[in-house]
Amino acid sequence: MSDPYERSAEYLDIMIAEAWEPLAPALAEVLSVVRAGAGAVVDLGAGSGRGVRVICDALPQVPVLAVEPSAAMRAVLLARVHEDGELRKRVTVVPGDCASTDWPDGVHAVVALNVIGHLPPVQRRALWNRAARQLAPGGVLVFNVTPPFAPTEVERVRMAHVVIGELEYEGWASARPSGADEITWHMDYQVLRQGQVLAGASAEYRWWVATEDALAAEAAEAGLTLRRAGDPVLGLCVLERVSTTSSQWLI
Ligand SMILES: C[S@@+](CC[C@H](N)C(=O)[O-])C[C@H]1O[C@@H](n2cnc3c(N)ncnc32)[C@H](O)[C@@H]1O
């Protein structure tokens, strides 16, 4: 299967950094109140490891399983993990994807940030079902939803601009509808010196879209409740098992 991140891995970490500025404290806050024992945290589609860093800081002691299918992204992820003695001790990097990777028993939390759109609806539902079965009591699945929520055209926009040394790095994004619940993102990455393009790459990602209500309904079918966390612009969603308290049984 072809990997679009093979072409974009050089740029992804620096271009997603800004998005992580508000996301990191919001994720840390969600994780810090989870009471689900000492099981591992699974980071699905861990990318360059920005989430792994946040998880390790928020939950000292807890082991982390970082699942990442792209070899190019794993190169960045492994470099981040290897550089830091604490991460090197606690983070296991697994070459796999959402469907193929087993979770350890008693999973404390599953994190899937900037990833859910990569999953076709069948795989997304399988993920909810698995979380309902395998999360430890009190455990959570944290993901985010970003616009568009329906298959619509997105005009080309510069989504990132970073200066490193003497060079500038730009990321441009546009999208077109490509199916009933699907869009295709087209990304152009450019390296510039004084306005002149030195290098670049383009990539396309298939991305399945859904409203938060539709996702909440899907999750409810699997026995999970959805709640929002953090600033609403982050689109951060937390899934937990529907609790069956004794009072419910009495009704
Ligand atoms: C936009 S990046 C986000 C990376 C990271 N979660 C972050 O927020 O910085 C999406 C990541 O999901 C990974 N990915 C794509 N399809 C996946 C799948 N089916 N299962 C797990 N990860 C997947 C990609 O390889 C890529 O690293």
Side-chain angles (χ1 to χ4, degrees), residues 1-28 30-31 41-58 64-81 87 91-103 107 109-131 141-147 154 159-160 162 171-173 175 182-189 201 203-209 230 234-237:
M1 208 174 65
S2 77
D3 169 25
Y5 287 90
E6 194 178 344
R7 292 183 292 282
S8 57
E10 177 181 357
Y11 306 103
L12 194 106
D13 185 66
I14 60 171
M15 296 201 176
I16 210 163
E18 199 178 326
W20 270 98
E21 279 174 25
L23 212 43
L27 173 61
V30 169
L31 294 177
V41 174
V42 178
D43 189 358
L44 292 174
S48 60
R50 287 189 177 268
V52 160
R53 169 88 270 167
V54 175
I55 295 162
C56 284
D57 288 347
V64 177
L65 194 69
V67 177
E68 175 48 54
S70 164
M73 290 308 306
R74 283 199 306 277
V76 186
L77 173 60
L78 281 165
R80 172 161 279 135
V81 170
L87 295 193
V91 180
T92 302
V93 174
V94 179
D97 63 20
C98 281
S100 66
T101 308
D102 289 336
W103 299 352
V107 176
V110 175
V111 174
L113 289 178
N114 306 311
V115 170
I116 285 297
H118 279 306
L119 305 185
V122 170
Q123 282 186 31
R124 199 172 62 210
R125 287 196 196 95
L127 176 62
W128 308 150
N129 283 321
R130 192 171 180 190
L141 190 161
V142 191
F143 70 99
N144 61 340
V145 283
T146 48
V154 179
M159 51 89 185
V162 183
W172 293 81
E182 191 191 339
I183 59 172
T184 298
W185 283 107
H186 179 92
M187 316 296 290
D188 292 313
Y189 305 95
E204 291 205 329
Y205 309 114
R206 295 182 73 180
W207 194 256
W208 278 268
V209 291
L234 297 175
L236 204 58
C237 299

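For ligands, and for the atoms within them, numbers begin at 1 and follow the listed sequence. Since we're looking at a predicted model, the values are computed, not measured.
Within 4.0 Å of ligand 1, contacts by protein heavy atoms are made from Tyr5, Ile16, Trp20, Gly45, Ala46, Gly47, Glu68, Pro69, Ser70, Met73, Asp97, Cys98, Leu113, Asn114, Val115, His118, Leu119.
Minimum heavy-atom separation, Ser8 to Tyr205: OG-OH, 2.8 Å. Taking each heavy atom of Leu234 and Ala26 in turn, the nearest pair found is CD1-CB, 3.6 Å. Smallest separation of non-hydrogen atoms from Gly47 and Leu77: O-CB, 3.2 Å.
Between the Arg80 side chain and the Ser48 main chain, a donor and an acceptor come within less than 3.5 Å of each other. The backbone N or O of Val93 sits nowhere less than 3.5 Å from a side-chain atom of Arg74 that would complete a donor-acceptor pair.
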Per-pair distances, 0.1 Å, donor-acceptor, side chain in residues 113-125, under 3.5 Å, sequence neighbours excluded:
| unit_1 | atom_1 | unit_2 | atom_2 | d |
| --- | --- | --- | --- | --- |
| Asn114 | OD1 | Asn144 | ND2 | 2.9 |
| His118 | NE2 | Tyr5 | OH | 2.7 |
| Arg124 | NE | Glu218 | OE1 | 3.1 |
| Arg124 | NH2 | Glu218 | OE2 | 2.6 |

